[in-house]
Undergrad: 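Have a look at the structure that comes next, please.
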Number of protein chains: 2
Amino acid sequence: MSTSTNQIIKSLKKSGYKITPQRKLILDVLNNSDHHLSPANIYNKVREKYPEIGLVTVYRTLEILDKAGYICRLTLPSGLAAYLLKRCPSGQHHHHLVCQCCGKVVNFNNCNLAELEKEITDETGFVISSHTIELNGKCPACQ
Amino acid sequence: MSTSTNQIIKSLKKSGYKITPQRKLILDVLNNSDHHLSPANIYNKVREKYPEIGLVTVYRTLEILDKAGYICRLTLPSGLAAYLLKRCPSGQHHHHLVCQCCGKVVNFNNCNLAELEKEITDETGFVISSHTIELNGKCPACQ
DNA sequence: TAATAATTGAAAATCGTTTTCAATTATTAT
DNA sequence: ATAATAATTGAAAACGATTTTCAATTATTA
């Protein structure tokens with residue numbers, strides 16, 4: 001179990017959650033991937049080591065991790081959910097560059113939308129509270 | 001039936017689609033809204049004038065309109081789909097400013113992501129083929 | 001070690017969406 | 001106009017992802 005996984009486990013314990021083998025394994029799968037993973041993907045990976053796990057447990061654990069801020073939930077264009085361990089300093093503003101071919105994800109954080117948002121607020125009267133940017137492309141390996 | 005609706009109807013006919021009252025009414029509902037609408041929203045609005053319509057017909061018509069490029073399909077953060085009549089010159093690059101409160105949508109097209117995309121390509125080796133930006137906020141009426 | 005409260009997995013339920021299929025309707029060639 | 005046709009329709013069933021229910025199990029605590 002990696003340092004990253006261990007730290008999250010400790011924090012979860014502090015927050016009153018019980019530490020179960022299922023939760024550890026789910027975190028490990030997330031930690032060992034630089035691709036976004038669907039609940040089913042995670043389920044299948046965990047089953048290799050822990051065949052008794054139920055898909056429900058994966059959903060429930062992802063919900064906890066998402067609410068606690070340890071993972072990012074992506075909504076893919078198809079509408080399906082995919083998850084990603086957060087690897088940037090806590091709460092830092094960032095976006096994702098996603099490979100359409102293999103799902104590999106790279107973070108970037110210099111989005112510089114503030115100016116555009118100001119313009120748009122002036123023009124439309126909308127107060128802008130958040131934004132999402134998703135860049136879609138192909139990673140070097142998939143080109 | 002508005003001009004906008006009429007023009008789309010004509011184009012659809014040219015493309016070999018039959019013109020049915022259901023399709024006209026669905027287009028009218030889209031045309032008369034500046035908010036994004038779910039299939040169920042559209043279904044309910046059309047039913048006021050045409051109670052026999054089936055939800056399937058709404059789905060099928062939306063699929064046709066989307067493929068033909070007359071409407072935008074949004075994937076909301078929840079993963080659900082919502083639709084919007086395109087109101088900008090054919091094919092023009094644009095994004096949406098969405099009111100989180102009422103769903104009102106305003107277009108903007110000066111996103112200027114080209115520079116950022118170049119930086120990121122240089123850094124990561126990803127080839128970027130498309131991007132989506134969604135600005136979330138509150139419209140003047142909802143503030 | 002015993003008491004407890006949280007967590008688990010199986011099964012059923014739910015929700016949006018898609019498929020199937022027979023009946024209907026818009027278009028066309030006459 | 002009318003008949004022939006191929007597309008479109010709506011009901012019902014099927015579907016896939018996600019959520020809920022519930023009794024049994026397990027991690028934690030005292």
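Computed from a predicted model, the values in this text were never measured in an experiment. Just so we're on the same page: letters track the sequence lines, and every chain starts at 1.
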Undergrad: Looking at the side chain of B:Thr20, which of C:dT8, C:dA26, C:dT17 is the nearest nucleotide?
TA: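 Closest nucleotide to the B:Thr20 side chain: C:dA26.
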Undergrad: Can you check whether B:Leu62's main-chain N or O pairs, donor with acceptor, with B:Asp66's side chain at less than 3.5 Å?
TA: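 No; judged by distance alone, with no hydrogens or angles, the pair does not exist.
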Undergrad: Atom CD1 of A:Ile9 and atom C1' of D:dT28: how far apart are they, to the nearest Å?
TA: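 For the pair A:Ile9 CD1 and D:dT28 C1', the rounded distance is 15 Å.
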Undergrad: For the pair made of CG in B:Leu25 and P in D:dG10, what is the distance, rounded to whole Å?
TA: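 From B:Leu25 CG to D:dG10 P: 11 Å.
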Undergrad: Side chain of A:Gln22, heavy atoms from C-beta onward: which of C:dT8, C:dC21, D:dA17 has the nearest atom to it?
TA: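 Of C:dT8, C:dC21, D:dA17, C:dT8 is nearest to the side chain of A:Gln22.
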Undergrad: Whole angstroms only, please: what is the OH-P distance between B:Tyr43 and C:dG16?
TA: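 Answer to the nearest Å: 13 Å.
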Undergrad: Tabulated below should be each protein N or O lying under 3.5 Å from an N or O of nucleotides 3-7 of chain D; please produce it.
TA:
residue	atom	partner	partner atom	Å
D:dA6	N3	B:Lys18	NZ	3.1
D:dA7	O4'	B:Lys18	NZ	3.4

Undergrad: In terms of side-chain heavy atoms of B:Leu80, which of C:dT27, D:dT18, C:dG16 is nearest?
TA: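 Selected nucleotide (nearest to the side chain): C:dG16.
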Undergrad: Is any side-chain nitrogen or oxygen of A:Lys13 closer than 4.0 Å to OP1 or OP2 of D:dT28?
TA: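 For D:dT28, OP1 or OP2 has a side-chain N or O of A:Lys13 closer than 4.0 Å.
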Undergrad: Nearest to the side chain of B:Val56 - D:dG10, C:dT8, C:dA26?
TA: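 That would be D:dG10.
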Undergrad: Yes or no on side-chain contact (heavy atoms from CB on, under 4.5 Å) for A:Thr75 and B:Leu76, after CA distance, side-chain angles and deciding distance?
TA: CA-CA 8 Å; A:Thr75 299; B:Leu76 304 182; over 6 Å; no
Undergrad: Looking only at the side chain of A:Pro21 (C-beta and beyond, no hydrogens), which of the listed nucleotides D:dA11, C:dA10, D:dA27 gets closest?
TA: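 Side chain of A:Pro21 sits closest to D:dA27.
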Undergrad: Checking all strands, does A:Ala81 fall into the base, sugar-phosphate, or nothing category for heavy-atom contacts under 4.0 angstrom?
TA: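 The residue A:Ala81 makes sugar-phosphate contact but no base contact.
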Undergrad: Salt bridge (charged side-chain N to carboxylate O under 4.0 Å, His left out) for A:Lys118 and A:Asp122? Distances and angles first, verdict last.
TA: CA-CA 6 Å; A:Lys118 172 137 190 3; A:Asp122 290 348; 2.9 Å; yes
Undergrad: Show the numbers, then the answer: is there a side-chain contact (heavy atoms from CB on, under 4.5 Å) between B:Ser130 and A:Gln100?
TA: CA-CA 10 Å; B:Ser130 72; A:Gln100 293 173 312; 4.2 Å; yes
Undergrad: Kindly say whether B:Lys138 contributes a backbone atom to a donor-acceptor pair with the side chain of B:Gln143 at under 3.5 angstrom?
TA: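 Checked: pair present.
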Undergrad: B:Thr61 side chain to B:Arg23 main-chain N or O, any donor-acceptor pair under 3.5 Å?
TA: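 Absent.
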Undergrad: Counting only side-chain heavy atoms from C-beta out, which of C:dT20, C:dT17, D:dT21 sits nearest to B:Leu55?
TA: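 Minimum distance to the B:Leu55 side chain belongs to C:dT17.
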Undergrad: State, without any angle test, whether A:Glu134 and A:His96 hold a side-chain donor-acceptor pair at a distance under 3.5 Å.
TA: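 Checked: A:Glu134/A:His96 side chains show no N/O donor-acceptor pair below 3.5 Å.
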Undergrad: Taking any strand in view, what nucleotide pairs with C:dG9 in a Watson-Crick or G-U wobble way, both distances under 3.5 Å?
TA: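 Partner of C:dG9: D:dC22.
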Undergrad: Nearest whole angstrom, please: distance from the P of D:dT19 to the CG of A:Asp66.
TA: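 That distance rounds to 11 Å.
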